[in-house]
Amino acid sequence: MAKQCATRRFHALYDKVHRGDILRRAWENVKNNRGVAGVDGQTIRDVEKSGVDVFLSQLQAELQAGEYKPQSVKRVYIPKPDGRRRPLGIPAIRDRVVQAAMKIVVEPIFEADFQPCSFGFRPKRSAHDANEVIRRTANKGHNWVIDADIEDYFSTIDHEKLMTMVSRRISDRRVLKLIRQSLEAGVLEEGVVRTVSSGTPQGGVLSPVLANVYLNYLDKVWAAKFSRYGTLVRYADDLVVLCRNEADARRSLQCLKAVMERLGLRLHPIKTRIVDLRRGSEGFEFLGFHHRKVLSWRYHKHYLQRWPRAHAMAALREKIRDAVGPRSLLSRSLEDIIAKLNPILRGWGNYFAVGNSAKHFSAADSFVRERLCLFLSKKHRKSGRGWATRWRHIDFRAKGLHHLTGTVRRYTLRMPTDEEHRKAV
């Protein structure tokens, strides 16, 4: 219905949010995400011990009576590759379930409005889809790229502007109140609760949908007014614009700044830049990959390729060291260490296997072998530099080690049809 009428506002939604089957489905989604406890200290296991049915019944009763009120959000910080820390807001389990229920109800409405250039946190769309669009567009002659970074995006979303955007599609006052409550729930940090007047917490179940609603304004304006200058590709708050020449790139950058100003956002003055892809002289990083044009020896032309960025390689090496290096693990068997390594290698490899990562996968395999040889040397008290040849007779793959080499694959971009997209949401 939302797809058929772009101006329709939905008013009878609240009863669906507290419906038993919706809350049950929301609980399963929260449980599968395996988050940690919020400010009340209640964990997924605590809910299961006390009874999921009782938990959901109490939550349903609060919602039906209009007595539900979210608790403050627990603030934690996640280290970033550049040394800074990313703030993460963790709602309580009960609040995550309510947000998940709201997401189930309202996401299909907003999905009908979202533009093709948006790929982040959307059904049947992925980071690989976004990267493939970038590759194809660049190989059609779009050699100038705006590598944009929105400064502190999730903390600077204007609540009033966001609620205005939400209310263009939703008129149910009780649902609007729930959304506003989730936005304005206080933040608990170092034992002190403070109120917030802007932003949506990263870590909230509903936050990705609301973040897409907010930047959908950019997507629509770009499609209507500025698409002649360049192709916009956005994944949540990460975005690039691919242009045919430098003049269009500079116009696009000015247009981006103007739209961001209207949204109350700001492009990072240092991290936002214009990249010249011609002849492979420059590259840019997007969604964990480094993108750069490479000369084809067969066709004597430059084509865009992508491989794991330096930070991604460093992060993998750090995880491998943590899994193999500690002396407390020397009592463990080689098979145990390999069993500990394999999920790390598979998870990392599954994401980066799409692209041109063969050399980087080979380097990662060499590093794994090096760390395993050092582990065996320490375990058997063999000192000296001969570790590389001392264990060369061991076939780690035969021992069950997952190898990254040979797993790189091509990616086929297949955007869903309108009917498939409707069913997905």
Side-chain angles (χ1 to χ4, degrees), residues 115-120 124-149 222-223 226-236 238-253 256 271-314 316 348-366 403-416:
Q115 301 297 300
C117 65
S118 171
F119 293 88
K124 292 199 173 183
R125 285 173 172 256
S126 69
H128 293 313
D129 292 329
N131 283 327
E132 184 63 14
V133 169
I134 290 172
R135 185 189 70 84
R136 294 185 181 190
T137 304
N139 288 340
K140 290 178 182 178
H142 291 66
N143 286 315
W144 294 85
V145 179
I146 299 173
D147 180 13
D149 182 270
W222 197 271
F226 308 130
S227 58
R228 65 184 183 274
Y229 297 138
T231 299
L232 172 67
V233 178
R234 183 175 68 81
Y235 190 97
D238 293 323
L239 62 96
V240 296
V241 181
L242 296 99
C243 309
R244 288 192 174 276
N245 54 62
E246 185 178 5
D248 283 349
R250 297 196 178 280
R251 289 191 195 98
S252 295
L253 182 55
L256 265 182
K271 293 184 177 181
T272 300
R273 62 194 184 105
I274 295 177
V275 179
D276 181 5
L277 294 178
R278 295 175 300 175
R279 298 179 296 277
S281 57
E282 291 182 290
F284 65 96
E285 293 177 346
F286 189 69
L287 302 179
F289 285 89
H290 181 78
H291 301 251
R292 184 181 292 264
K293 284 204 167 184
V294 176
L295 180 64
S296 168
W297 60 268
R298 177 177 296 177
Y299 300 108
H300 306 289
K301 290 176 62 177
H302 285 84
Y303 294 96
L304 192 71
Q305 295 188 1
R306 61 183 182 269
W307 52 81
R309 59 184 292 201
H311 284 312
M313 292 295 293
L316 176 64
W348 189 89
N350 285 340
Y351 182 75
F352 288 106
V354 177
N356 310 92
S357 307
K359 290 182 179 179
H360 293 74
F361 277 20
S362 178
D365 282 340
S366 295
H403 274 226
L404 295 170
T405 302
T407 62
V408 175
R409 62 186 186 275
R410 291 177 61 86
Y411 186 74
T412 301
L413 177 66
R414 181 184 177 276
M415 303 305 293

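The structure displayed is predicted, hence computed values, not measured ones.
Once rounded to the nearest 0.5 Å, the distance linking CG of Leu287 with CZ of Arg309 reads 10.0 Å. Put simply, CZ on Arg125 and OG on Ser118 are 7.0 Å apart, with the number rounded to the nearest 0.5 Å. Within the model, atoms CZ of Arg279 and CG of Asn143 stand 9.0 Å from one another, a figure rounded to the nearest 0.5 Å. Summarising the geometry, atom CG belonging to Leu404 is positioned 9.5 Å from atom CG belonging to Asn350; distances are rounded to the nearest 0.5 Å. Between the CZ atom of Arg292 and the NE2 atom of His302 there is a distance of 10.5 Å, given to the nearest 0.5 Å. Interatomic distance, Trp144 CH2 to Arg250 CZ, rounded to the nearest 0.5 Å: 7.5 Å.
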Evaluation steps, side-chain contact (heavy atoms from CB on, under 4.5 Å), between Asp129 and Tyr411: CA-CA 9 Å; Asp129 292 329; Tyr411 186 74; 2.5 Å; yes
From CA spacing to verdict: side-chain contact (heavy atoms from CB on, under 4.5 Å), Leu256, Thr272: CA-CA 11 Å; Leu256 265 182; Thr272 300; over 6 Å; no
Evaluate Tyr303 against Lys301 for side-chain contact (heavy atoms from CB on, under 4.5 Å), listing each step before the verdict. CA-CA 6 Å; Tyr303 294 96; Lys301 290 176 62 177; 3.8 Å; yes
Test side-chain contact (heavy atoms from CB on, under 4.5 Å) on Glu282 and Arg273 and set out the steps. CA-CA 11 Å; Glu282 291 182 290; Arg273 62 194 184 105; 4.2 Å; yes
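Contact detail for Leu316 and Ala364: the closest heavy-atom pair is CD2-CB, 3.8 Å. Considering all non-hydrogen atoms of both residues, Leu295 and His300 come closest at CD1-C, 3.7 Å. Listed here is the closest heavy atom pair of His291 and Phe286: NE2-O, 3.5 Å. The shortest non-hydrogen separation linking Tyr229 to Ser252 is CB-OG, 3.2 Å. Across every non-hydrogen atom of Lys293 and Leu277, the tightest pair is CB-O, 3.6 Å. Here the closest heavy-atom approach between residue Phe284 and residue Asp147 is recorded as CB-OD2, 3.9 Å.
Annotation: ring pair (Phe, Tyr, Trp, His ring centres under 6.0 Å) contacts of Phe352 (sequence neighbours excluded): Phe289, Trp348. Residues that satisfy the side chain to side chain donor-acceptor pair (under 3.5 Å) test with Ser362, not counting sequence neighbours, are absent from this structure. Residues passing the side chain to side chain donor-acceptor pair (under 3.5 Å) test with Arg278, sequence neighbours excluded: Asp276. Contacts of His142 classified as side chain to side chain donor-acceptor pair (under 3.5 Å), with partners at least two apart in sequence or in another chain: none. Residues satisfying the ring pair (Phe, Tyr, Trp, His ring centres under 6.0 Å) test with Trp222, not counting sequence neighbours, are Phe226. Residues satisfying the side chain to side chain donor-acceptor pair (under 3.5 Å) test with Asn139, not counting sequence neighbours, are none.
Looking only at distances, a side-chain donor or acceptor of Asp365 sits under 3.5 Å from a matching main-chain atom of Thr405. Arg135 contributes no side-chain N or O that, together with a main-chain N or O of Leu304, makes up a donor-acceptor pair within less than 3.5 Å. The backbone N or O of Lys140 sits less than 3.5 Å from a side-chain atom of Arg244, completing a donor-acceptor pair.
With salt bridges taken as basic N to acidic carboxylate O contacts below 4.0 Å, one links Arg306 and Glu132.
Within a 6.0 Å radius of CZ in Arg409, more than 12 heavy atoms belonging to other residues, nucleotides or ligands are found.
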